[in-house]
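Heavy-atom basis, side chains included; hydrogens, waters and symmetry copies ignored.
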Amino acid sequence: MKITFGAVLLVIVVLAILFFFLRTKTGKRLKLRASGTAAEAISKDASTPEGAKAYYNVAIEKKEEDLAKANVIYTQMLGKISNYEDQIRGYKKDLMKTEININSCVEKNDDEGAKVYLKEQQDLEEKVAIIKDALTGLKENAKLSARDAFRTKILFNTSQLLQKAEDASEIFDITATQLIKLLGRNLVVAPVEKKKNGIVQGTLYNAETGIKSEKVFNVKEQEILQWVLKNRKRAGAMTERFSEEPYLYLSIYAAQNRYGVIGIFIGQKPLDAFENSILLSILGECAMALDREQSAREKEEAAVMAKNEQLRVNLLRTISHDLRTPLTSILGNADSLISNFDALDEGMRKQIFSDIYEDAGWLIELVENLLALTKIEDGSVKLQLSDQVVEDVVREALRHVERRKNEHKITVDCGEDVLLARMDAKLIVQVLVNLINNAVKYTQTGSKIRITAGKEEKNVWIAVEDNGPGIPAECREHVFEMFYSGKNKVSDSRRSLGLGLALCRSIVNAHGGELVLRDCAPHGCHFRFTLPLSEVNLNE
């Protein structure tokens, strides 16, 4: 059964109308979404991290649907092109048969038959010409549809990548990279520098080489960027403002937040309507991502500030307690001496003097540790590193340990070989003094305190252990916290553990080492820390 010319023409008209309808509907949907992106980005629902996440999930679902539809349209067009090409091939075969029939009629002098076949030949040639014209238009539309699908995919990928971005720098980089894929043009990204009160420099992205480099803006360019940022309007190429510029500049903003400006090289090739709409959509996504990042960062900073404030309150409360206790003791003992000096025997007076001395010494140690810890934590202390003999440092520390050390049996064993470690000797002496003083204070009279040292791979380890009552398991993870008191009944109940262990850990960490607490069988504490082994060889 042969297809009549009228039927073919009707099919072509129906397909053309269907394609125009689908393309117009898809285009309107994309344009509406592009124009609405900025409004959605600044909506109240998307102003929080949770709202932003929900917005992104919905946006990605929509773009995924658009991508699927665009691919379907493109696939359908390819199928129609294939059908048209099959029809043309069929018509060409019919033309060949008609040509053979015409030649046969000419040989037989069958003029009537030749006229019939000539008329059939003309009809076939007209059909082929019509279908070729339709095929040419369909191929062009297929190219446009393929381009639309590609750009929809770029928009979809952009949403996914921006959702995973961790900071503003990554968000700007993703936006620039995706726009280069979309437009194939050089562009400049100029983030707002709040510390410098404006835009001074940015990043230039080369579309051809894929290389990005630092861009320092001249006075004219800074004027344009500031104008765009302030007025939230485009300027440069394709606009009435600074139209002589080769770049088109657009502001990136959401609500009252201005994040930066992006410049796209235009030259002699203006953006078409579709490129412009997708550009606005991607910039809207960028602004939304920057808003989300800023909101999350501000929330994190607020949490840190709240935590620091709580630490400050706790610190002041604990310091007040730790200062009040020995000061009250000093005041009470001093009052006893003033009021009852003659009534007190020599032994009692010596005991009171000794208590005053110890309380004053503890206060001095607390203040020195607090100052040292503050300096180390804020990074204002620079380590004075040098190669030191470990045993000499240990002996020096023992000279500064409190007087009650003579009530304990203290031994030192640093091995037969001379150990050299890279350290700030003054700070490590302070670590050892704190560790040994804790062992002296919080163990019974007559307890054994052992100080050992050795080599382990590229580190030197130093340990201070005692055979006192030890620290309960539930308290061990807290002993390095500031002013943690613990539950050691042997310790002086008037005082907490102070800042000693927190300071020790900070000093050791600053050296790149580690301070740990271990069990000391059958009971007691074993504090061990590491220091970098010196590269100096004493045998050379």
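Counting only heavy atoms from C-beta outward, the side chains of Trp227 and Phe242 approach each other to under 4.5 Å. At least one side-chain heavy atom of Arg297 sits less than 4.5 Å from a side-chain heavy atom of Gln294. Side-chain contact between Phe529 and Ile462: present, with at least one pair of heavy atoms (C-beta onward) separated by less than 4.5 Å. The closest side-chain heavy-atom distance from Gln178 to Leu162 is not below 4.5 Å. Using a 4.5 Å heavy-atom threshold, the side chains of Arg234 and Leu280 count as touching. Side-chain contact check for His511 versus Ile428: some heavy-atom pair is nearer than 4.5 Å. Between Asn509 and Arg505 there is a side-chain heavy-atom pair separated by less than 4.5 Å. Tyr205 has its side chain out of reach of Leu179: every pair of non-hydrogen atoms, C-beta onward, lies at least 4.5 Å apart.
The main-chain N or O of Glu166 is found under 3.5 Å from a side-chain atom of Glu170 such that the two form a donor-acceptor pair. One N or O on the side chain of Thr175 and one on the backbone of Ile171 form a donor-acceptor pair closer than 3.5 Å. In terms of modelled atom types and a separation under 3.5 Å, the side chain of Asp424 and the main chain of Gln384 share a donor-acceptor contact. Distance alone, capped at 3.5 Å, is enough to place a donor-acceptor pair between the Arg258 side chain and the Leu229 backbone. Remark: the backbone N or O of Asn157 is not paired with any side-chain donor or acceptor of Gln160 at under 3.5 angstrom. Side chain of Ser506 to main chain of Ala502: a donor-acceptor pair is present (N/O by atom type, distance under 3.5 Å, no hydrogens or angles). When atom types are taken as modelled, the side chain of Arg185 and the backbone of Gly267 share no donor-acceptor pair closer than 3.5 angstrom. Side chain of Thr530 to main chain of Glu514: a donor-acceptor pair is present (N/O by atom type, distance under 3.5 Å, no hydrogens or angles).
Closest non-hydrogen pair, Leu383 versus Ala510, comes out as CD1-O, 3.3 Å.
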Stepwise side-chain contact (heavy atoms from CB on, under 4.5 Å) check, Leu250 with Leu279: CA-CA 10 Å; Leu250 300 98; Leu279 168 63; 4.1 Å; yes
Check against side-chain contact (heavy atoms from CB on, under 4.5 Å), Thr203 and Phe172: CA-CA 10 Å; Thr203 304; Phe172 280 120; over 6 Å; no
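The distance from the OG atom of Ser534 to the NZ atom of Lys455 is 11.0 Å, given to the nearest 0.5 Å. Distance check: Asn276 CG to Leu183 CG gives 9.5 Å after rounding to the nearest 0.5 Å. Leu187 CG to Ile262 CD1: the interatomic distance, rounded to the nearest 0.5 Å, is 5.0 Å.
Applying the salt bridge (charged side-chain N to carboxylate O under 4.0 Å, His left out) criterion to Glu456, with sequence neighbours excluded, gives Arg528. Listed by chain and number, the residues in a ring pair (Phe, Tyr, Trp, His ring centres under 6.0 Å) with Phe265 are Tyr247 (sequence neighbours excluded). For the side-chain contact (heavy atoms from CB on, under 4.5 Å) test, no residue two or more places apart in sequence or in another chain qualifies with Gln268.
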